[in-house]
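Here's the structure, in structure tokens; my notes come after.
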2 protein chains.
Amino acid sequence: MATIDDVAKAAGVSTSTVSYVLSGKRPISAPTRARVERAIEKLGYRPHAGARALASSRTNVIALMAPLRVGVSVPVIMQFVAGVVTRARDFDHDVLLLTQDDVSGLDRVTSGSMVDALVMMDIEADDPRVPLVAAAKQPTVLIGLPQDPEGLSCVDLDFEAAGRLAVRHLVKAGHTDVALIGSPPEVLRRHTSYAERLMRGLRDQAKSSGVTVKVEACDSTPAGASEAVDTLLATAPETTGIIVHNEGALPHVLARLAERGAVVGTDMSVVAVCPTDVALSQRIPMTSIDLPAEDIGKVAVDMVMTRLEGEQPSETRLLAPVLTERESSAYGPAAGHD
Amino acid sequence: MATIDDVAKAAGVSTSTVSYVLSGKRPISAPTRARVERAIEKLGYRPHAGARALASSRTNVIALMAPLRVGVSVPVIMQFVAGVVTRARDFDHDVLLLTQDDVSGLDRVTSGSMVDALVMMDIEADDPRVPLVAAAKQPTVLIGLPQDPEGLSCVDLDFEAAGRLAVRHLVKAGHTDVALIGSPPEVLRRHTSYAERLMRGLRDQAKSSGVTVKVEACDSTPAGASEAVDTLLATAPETTGIIVHNEGALPHVLARLAERGAVVGTDMSVVAVCPTDVALSQRIPMTSIDLPAEDIGKVAVDMVMTRLEGEQPSETRLLAPVLTERESSAYGPAAGHD
DNA sequence: TTAGCGTGTTGAAACGCTTCGACGATCGTG
DNA sequence: CACGATCGTCGAAGCGTTTCAACACGCTAA
């Protein structure tokens with residue numbers, strides 16, 4: 001492999017000049033720059049990442065900690081990851097992938113100066129990783145909200161607003177008894193905050209709109225979905241509007257409703273909280289509040305990059321939810337069917 | 001951050017001694033080792049990854065190129081990735097994630113000495129990346145098979161054997177007219193070899209077993225699945241055994257069959273080729289040939305690590321398919337219903 | 001007694017880059 | 001015309017490791 005010295009020699013300049021051509025940190029005359037660039041081209045020169053990291057204490061790599069296992073819906077994770085990776089490339093950075101459970105990995109990449117910054121997904125209310133990254137010298141952005149975001153930067157969908165929005169949509173359509181089919185019990189037990197935030201918004205809006213709201217946890221399996229539907233319709237048979245916030249269960253919820261003879265979009269309005277592509281790949285196109293996972297990933301990278309240049313105060317960004325009406329929701333019992 | 005010199009000073013030894021304690025490449029007496037280890041502990045010392053890479057030309061990072069976009073089924077990708085990342089950790093390596101379309105990324109991480117080795121997923125028959133990695137100095141393992149695997153190491157499920165196995169299973173159960181509902185047309189157009197290999201096995205076995213086999217491409221959408229089922233049953237109404245190799249479409253295929261009044265597991269036998277968890281999360285537990293994505297990822301890492309120590313000849317490993325009988329397949333028309 | 005060996009440790013030379021301070025040349029300004 | 005800026009370039013000092021050659025020491029074998 002050619003080194004920077006080889007390039008310098010070939011171009012008839014000093015090493016530092018080559019470096020400055022590459023980094024643009026000092027002015028270089030056009031002819032010199034041209035000679036250097038030609039030499040780089042000819043030799044196929046690439047700076048050695050390690051040497052660069054050593055000299056500059058910048059690796060141009062960011063760490064992304066993602067839950068590669070069960071729990072959160074897989075397509076959502078992939079979209080986050082895709083967003084992070086592509087946006088990182090826009091900033092000339094690569095992405096080192098860590099698994100959620102590899103807590104020691106945080107220290108490894110952090111203290112070992114392997115990365116310039118961190119993005120962590122799927123933050124729980126009382127996440128053990130939060131104190132670790134707070135102590136690290138690298139800037140960090142969390143996707144999701146911990147209990148106490150003090151001093152940390154976070155980004156997420158505004159689930160509370162999403163909850164309100166979903167209820168308002170159903171209320172406006174004339175529904176007076178709505179329900180949530182939500183996350184699996186184990187997610188709730190972990191106090192993953194998005195579930196709780198959605199519920200808070202839901203209940204707030206239900207209260208102020210004067211409608212009832214029933215909440216069912218739901219395993220992401222056919223059996224779990226059936227059970228949730230059955231329990232719901234047994235204990236709250238007057239329900240005509242359902243919000244589903246559980247992608248894995250969504251198809252099975254719809255299947256179960258169909259089995260029970262409820263026509264979604266007519267007898268029963270269903271609003272999903274999920275990525276748009278998931279909403280569109282159900283048996284009928286779902287009215288949904290988009291979970292813009294890829295965007296969130298991109299915003300996370302933007303935030304982390306901002307913090308990489310110059311000190312920025314920590315901030316929390318909650319993306320406004322957008323509801324798109326499709327065929328799964330319709331006018332309810334109390335509405336004028338115009 | 002403490003450096004190796006700080007540690008050496010604190011332990012009263014030379015720098016090199018600390019290095020040898022860390023690497024174990026030279027014998028160190030027990031007392032010295034203990035002193036050094038205590039100093040490391042006390043100072044919270046971590047070697048600087050860049051410095052290490054520079055001096056040793058080893059980064060302890062491998063690159064993983066994954067299709068973060070559409071096409072291949074998302075859960076499968078995640079499982080590959082999880083397998084690669086966890087196994088890499090067993091070898092004390094981290095994983096740098098590249099997207100499939102970032103072809104220039106190959107050169108970047110390769111020539112820039114960012115990684116020790118490469119794993120690439122979702123290889124197409126005539127993949128533009130293959131010549132690039134063949135030229136790289138880092139060992140590479142491909143997940144999937146290119147047209148000409150000469151000199152490259154590959155690992156994949158033995159899809160040809162899987163095709164044969166699926167047909168044999170159906171034939172043994174008495175079916176004489178079987179069909180494949182396969183990958184989306186665009187996957188076939190890209191000549192992703194697994195689709196073609198499966199079909200080859202299918203046809204071979206059908207021929208030697210004397211049964212007919214009809215093949216339908218299928219989009220991974222509700223509409224695509226319905227269309228595939230309808231076309232199939234219109235052009236080959238005698239079909240009683242279906243092999244589905246398209247996870248995205250699988251639930252919709254089952255739904256469409258149900259709509260048409262075909263009872264899967266009784267009127268119609270269905271064998272899926274997909275990860276076990278997908279097979280289990282359908283409306284009924286599917287007889288399936290497992291796609292052991294996580295295992296394949298692990299094997300890929302094993303192979304790449306073997307090549308990292310000492311020159312190994314290139315090799316191709318095809319994992320034997322395993323069929324698990326569940327409730328979606330049953331005895332067909334020609335069988336003795338015992 | 002001495003040559004030779006293995007063990008444990010050291011010093012110093014890389015590894016390939018960035019960046020600081022310095023310096024000559026060119027420029028505008030009073 | 002002299003002065004200080006500004007511009008373009010250079011040399012050299014790091015950055016934090018690994019690893020090689022060398023050496024001191026205590027043994028064993030001849």
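Below, chains carry the letters A, B, ... as their sequence lines are ordered, and counting in each starts from 1. Keep in mind that what you see is a predicted model, and the values were worked out from it rather than measured.
Asn60(B) places a side-chain N or O within 3.5 Å of a backbone atom of Asp92(B) that can act as its donor or acceptor partner. Gln147(A) places no side-chain N or O within donor-acceptor distance of the main-chain N or O of Asp126(A), the cut-off being under 3.5 Å. Side chain of Arg108(A) to backbone of Val103(A): no donor-acceptor contact under 3.5 angstrom is found.
The CD1-P distance, from Ile28(B) to dT18(D), rounds to 13 Å in whole Å. To the nearest angstrom, C1' of dT17(D) lies 13 Å from CG of Asp6(B).
At a threshold of 4.0 Å, the pair Arg317(B)-Asp302(B) does not count as salt-bridged, since none of the basic side-chain nitrogens sits closer than that to a carboxylate oxygen. Between Arg89(B) and Asp101(A) there is no salt bridge, since none of the side-chain N atoms of the basic residue sits less than 4.0 Å from a carboxylate O of the acidic one. Using a cutoff of 4.0 Å between basic side-chain nitrogens and carboxylate oxygens, Glu124(B) and Arg189(B) are not scored as salt-bridged. Between Asp90(A) and Lys298(A), none of the side-chain N atoms (NZ, or NE/NH1/NH2) sits under 4.0 Å from a carboxylate O, so this pair counts as no salt bridge.
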Take nucleotides 12-22 of chain C nucleotide by nucleotide from the 5' end and write B, S or -, depending on whether a protein heavy atom sits under 4.0 Å from the base, only from the sugar-phosphate, or from neither. ---BBBSBBBB
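Ser29(B) has a side-chain polar atom (N or O) that falls below the 4.0 Å cut-off from OP1 or OP2 of dT9(C).
Shortest non-hydrogen contact noted between Ile296(A) and Ile143(A) is CG2-CG2, 3.9 Å.
Inter-axis angle, ends of the helix from dT1(C)-dA30(D) to dG30(C)-dC1(D), five pairs per end, rounded to 10 degrees: 40°.
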